[in-house]
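So the structure is just underneath, and the comments pick up after that.
So that the names make sense, note that chain A is the first sequence line, chain B the second, and so on, each numbered from 1. Keep in mind that the numbers below use all heavy atoms, side chains included, and drop hydrogens, waters and symmetry copies. Given the structure is predicted, the values throughout are model-derived calculations rather than measurements.
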There are 2 protein chains.
Amino acid sequence: MTVTEDVTPLHETSDCRAVSAVLGRVGDKWSVLIISRLGDGTCRFNELKRMIGGISQRMLTLTLRGLERDGLVTRTVFPTVPPRVEYELTALGQSLREPVDALAAWALEHQPEIAAANRLYDQRSQSS
Amino acid sequence: MTVTEDVTPLHETSDCRAVSAVLGRVGDKWSVLIISRLGDGTCRFNELKRMIGGISQRMLTLTLRGLERDGLVTRTVFPTVPPRVEYELTALGQSLREPVDALAAWALEHQPEIAAANRLYDQRSQSS
DNA sequence: CTGTATCCCTTGGGATACTG
DNA sequence: CAGTATCCCAAGGGATACAG
């Protein structure tokens with residue numbers, strides 16, 4: 001019988017949306033780089049910009065604001081002239097590094113397999 | 001003295017690009033959901049579409065192709081009529097679940113802190 | 001059933017210029 | 001120094017129609 005079943009998409013539960021938000025952060029091109037860099041210690045705005053390299057001022061600002069909003073990074077303004085702003089990982093931000101590093105380790109470990117799969121797939125696509 | 005220093009952006013090393021690619025996969029809205037669903041067993045195209053819900057045909061196809069290209073999923077076509085195609089996680093795909101689950105666990109565990117940080121941040125932005 | 005092809009709107013994000 | 005504001009282009013992704 002075809003009664004009305006539960007069709008609530010799995011990804012729309014409260015828990016799943018929370019997980020998605022974090023996955024989005026991690027998937028973001030710049031967030032992880034910033035967190036990684038900040039893991040080595042406090043950093044100023046332009047310092048971050050230089051060390052990461054390739055990030056625009058706009059994206060650095062936006063990404064830092066996002067990280068700050070999620071409580072992963074603190075922003076400290078020193079009322080000097082010229083202004084000095086320091087960014088630092090919070091305990092929460094530090095704790096995120098562990099699972100992220102695990103993922104990075106997985107990526108490095110299996111990179112050869114992935115590259116091989118890519119070549120195989122592309123080669124097969126070629127001859128189609 | 002200001003000699004020409006090493007300004008190679010950290011994210012442009014070979015290793016880092018490999019890690020980024022994986023982080024991109026994980027950050028992708030649909031990839032993780034598909035992998036998660038496939039973790040419970042083989043699945044057909046429309047089966048996946050229904051269970052995930054909210055994904056367009058186009059994105060399901062594109063995402064599955066990407067997962068297949070990276071060797072995370074296998075695609076098996078049964079030459080019947082109507083056609084029957086089954087998707088299944090590879091061993092590599094299975095192995096990815098571990099670090100991803102760790103990240104999901106982190107997200108769930110710290111969700112309250114993140115939500116609180118969000119509220120605090122938004123509240124402060126309000127009064128500015 | 002399992003896709004592919006198009007159209008088209010939304011979002012992401014770089015470049016540049018300006019401000020406290 | 002540390003941003004904000006604007007412009008603008010490219011990629012992401014849904015809706016729809018068509019095909020094997």
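- The shortest distance between the side-chain N/O atoms of A:R65 and the OP1/OP2 oxygens of D:dA2 is not below 4.0 Å.
- The distance between atom CG of A:L48 and atom P of D:dG3, rounded to the nearest whole Å, is 10 Å.
- Nucleotide D:dA2 holds its C1' atom 9 Å from the CZ atom of A:R44, rounded to whole Å.
- Between the OG atom in B:S95 and the CD atom in A:E113 there is a gap of 7.0 Å [rounded to 0.5 Å].
- Put simply, CG on A:L62 is 17 Å from P on D:dA2, counting in whole angstrom units.
- Distance, A:L60 CG to D:dG3 C1': 10 Å, rounded to whole Å.
- Side-chain contact check for B:R25 versus B:I35: every heavy-atom pair is 4.5 Å or farther apart.
- Of the candidate nucleotides C:dG14, C:dG20, D:dG13, D:dG13 has the atom nearest to the side chain of B:M59.
- Heavy atoms only, all atoms of each residue included: B:A107 and A:A18 are closest at CB-O, 4.4 Å.
- In this structure, of C:dG14, C:dA17, D:dC1, it is C:dA17 that holds the atom nearest to the side chain of A:Q57.
- Which of C:dT2, D:dG3, D:dG14 sits closest to the side chain of A:T61 comes down to D:dG3.
- No side-chain heavy atom of B:H11 sits under 4.5 Å from any side-chain heavy atom of B:V19.
- Within the structure, a side-chain polar atom (N or O) of B:Y87 is placed less than 4.0 Å from OP1 or OP2 of C:dG3.
- At least one side-chain heavy atom of A:L64 sits under 4.5 Å from a side-chain heavy atom of A:F45.
- A:N46 comes within 4.0 angstrom of sugar-phosphate atoms only, judged by non-hydrogen atoms across all strands, and of no base.
- Where A:R84 and A:R58 each meet DNA chain D at their nearest nucleotide, the meeting point lying more 5' is that of A:R84.
- Computed from coordinates, the A:D28 CG to C:dT11 C1' distance equals 13 Å when rounded to whole Å.
- An angle of 40°, rounded to 10°, separates the two end axes of the helix from C:dC1-D:dG20 to C:dG20-D:dC1, each defined over five pairs.
- What separates CD of A:E47 from P of D:dG3 is a distance of 13 Å, to the nearest Å.
- No chain of hydrophobic side-chain contacts below 4.5 Å, direct or via other Ile, Leu, Val, Met, Phe, Trp or Tyr residues, connects A:I114 to A:L120.
- An OP1 or OP2 oxygen of D:dA2 is reached within less than 4.0 angstrom by no side-chain nitrogen or oxygen of A:R75.
- Closest approach of A:D70 to A:L92, counting heavy atoms only: O-CD2, 3.6 Å.
- Here the nucleotide nearest the side chain of B:V85, chosen from C:dC1, D:dA2, C:dG3, is C:dG3.
- Summarising the geometry, the separation between CD on B:E68 and P on C:dT2 is reported as 15 Å, rounded to the nearest angstrom.
- Here the nucleotide nearest the side chain of B:P83, chosen from C:dG13, D:dC1, D:dG20, is D:dG20.
- C:dT2 atom P lies 9 Å from atom CZ of B:R50, rounded to whole Å.
- In this structure, A:F78 reaches neither bases nor backbone, as no heavy-atom distance under 4.0 Å exists between it and the strands shown.
- Follow the hydrophobic side-chain contacts under 4.5 Å out from B:L103 and you reach B:L108 in the same cluster.
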